2 protein chains.
Amino acid sequence: MNDFFRLAPPLSDRDSWTAADWCPMERALDLIGTRSAMTLLREVFYGAARFDDLARRAGVTPAVASQRLRQLVDSGLLERRPYQVPGQRTRYEYAVTERGLEVFPIIAALTRLGDRLPRESEKMVALSHAGCGERVVTEVRCAAGHAVTPADTVVSILQPAPDAQEG
Amino acid sequence: MNDFFRLAPPLSDRDSWTAADWCPMERALDLIGTRSAMTLLREVFYGAARFDDLARRAGVTPAVASQRLRQLVDSGLLERRPYQVPGQRTRYEYAVTERGLEVFPIIAALTRLGDRLPRESEKMVALSHAGCGERVVTEVRCAAGHAVTPADTVVSILQPAPDAQEG
DNA sequence: CTGTATCCCAGCGGATACTG
DNA sequence: CAGTATCCGCTGGGATACAG
């Protein structure tokens, strides 16, 4: 934390702060709040790269895949890279960007939730650590490394101090 | 892992396995895949409990809050508890269940993503560890405690062995 | 305060058909 | 293979009004 920000009045005083300008979760949902965005990103993390594979595996039509992938590229979560196999025409692949890596914990956490939900079929998809085979889980911690539960968190509205000096 | 399951053919052979029966993430999205579900759950984790507060803070209309909260209660992520302040009429509060705790990492991961996205306003909402004030982050690990990156994961389709004997 | 019911609209996403 | 365009149905969700 730098001292450019200071605490605003406690949260209980506010009404809705749903505005994407303030709430980080709202901004995240603006980018990946649709089902097609989530499933397409899942498939990218699971190894798919080409348009056709992505659409088919994510279970969306080409039209939906086209529009959604464009948005994901525009928002900087994915990038569309040309690559050339010698003797073949140029192809494109969709790959996760540095920023897009932040989506992985979300995928993992959703998968974990679903993993613990009752299911009809006994057949199931599992996400495991390649190194040891154990199931993938997510942990919530703070930047200092302490384990954090919902009760351990504080939500605050930060705003620029009126007299703040940049740099 | 028990030996009731065995590995199915590799993922590259499959088409879409979007079915909620198989894919845990799809099951998760069936429960919390709407924006109102996510924002309402966020507000529950942030401390709101009463219907009115939840609807207002989440920025949804009472009609939406009513329908969505019912679904969240039905799915076992929230519970609706009566509580009585002596001398007042019975009120109800919405609280996270044991199962609902699995949603917290998703909220935290979404918040983390949004936190690193460019924003218009300098004012912002932050989620911090009450103990030390550091920002909340999510880590992806395996059940054995190893740090896991997207490249470190394997996705497999598990299915009951035909000759499996229960218990 | 804690919801429900009704009307309405925008957006997501499926189906189909068509280009480079 | 890698998309784009069009049509269209469904649902999520806002606005408003009403009930216990």
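Lettering follows sequence order; numbering is per chain, from 1. Everything quoted here is computed from the prediction, not taken from an experiment.
- Residue pairs meeting the side chain to side chain donor-acceptor pair (under 3.5 Å) criterion with at least one partner in residues 69-78 of chain B, sequence neighbours excluded, are Arg68(B)-Gln71(B).
- The CZ-C1' distance, from Arg91(B) to dG3(C), rounds to 13 Å in whole Å.
- Following rounding to the nearest Å, Gln71(B) (CD) and dG12(D) (P) show an atom-to-atom distance of 7 Å.
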Enumerate all atom pairs, one protein N or O and one N or O from nucleotides 13-16 of chain C, separated by less than 3.5 Å.
unit_1  : atom_1 : unit_2   : atom_2 : d
dG13(C) : OP1    : Arg35(A) : N      : 3.1
dG13(C) : OP1    : Ser36(A) : N      : 3.0
dG13(C) : OP2    : Ser36(A) : OG     : 2.5
dG13(C) : OP2    : Arg68(A) : NH2    : 3.2

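- Here the closest non-hydrogen pair linking Pro118(B) and Arg27(A) is O-CD, 3.8 Å.
- Among the candidates Val96(A), Leu77(A), Leu72(A), the single residue satisfying the side chain to side chain contact (heavy atoms under 4.5 Å, CB included) test with Val103(A) is Leu77(A).
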N/O to N/O distances under 3.5 Å, protein versus nucleotides 8-10 of chain D:
none

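- Residue Arg50(B) places at least one side-chain N or O closer than 4.0 Å to OP1 or OP2 of dT2(C).
- The shortest heavy-atom contact between Leu40(B) and Ala55(B) is CD2-N, 4.5 Å.
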Next on the checklist: As a quick check of understanding, evaluate salt bridge (charged side-chain N to carboxylate O under 4.0 Å, His left out) for Arg141(A) and Asp152(A), giving each step before the final call.
Outcome noted: CA-CA 10 Å; Arg141(A) 297 187 173 275; Asp152(A) 289 335; over 6 Å; no
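- We find that CZ of Arg70(A) is positioned 12 Å from C1' of dA2(D), with the value rounded to whole Å.
- Rounded to an integer number of Å, the gap from Ile32(A) CD1 to dC12(C) C1' is 16 Å.
- Across the protein-nucleic acid pair, Leu40(A) atom CG and dG3(D) atom C1' stand 14 Å apart, rounded to whole Å.
- We find that Arg116(B) and Glu98(A) are not joined by a salt bridge, their nearest charged nitrogen and carboxylate oxygen being 4.0 Å or further apart.
- For the pair Tyr83(A) OH and dC1(D) P, the computed distance is 11 Å after rounding to whole Å.
- Within the structure, every side-chain polar atom (N or O) of Tyr92(B) is placed at least 4.0 Å from both OP1 and OP2 of dG20(D).
- For the pair Arg80(A) CZ and dG3(D) C1', the interatomic distance rounds to 9 Å; values are reported in whole Å.
- Phe51(B) approaches Pro62(B) most closely through the heavy-atom pair CZ-O, 3.6 Å.
- Salt bridge Arg50(A)/Glu43(A): absent, no basic N to carboxylate O contact under 4.0 Å.
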Item to check | Arg80(B)/Glu93(B) under salt bridge (charged side-chain N to carboxylate O under 4.0 Å, His left out): CA gap, chis, key distance, verdict | outcome: CA-CA 6 Å; Arg80(B) 186 166 171 272; Glu93(B) 63 177 6; over 6 Å; no
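- Between the CG atom of Leu54(B) and the C1' atom of dC1(C) there is a distance of 13 Å, rounded to whole Å.
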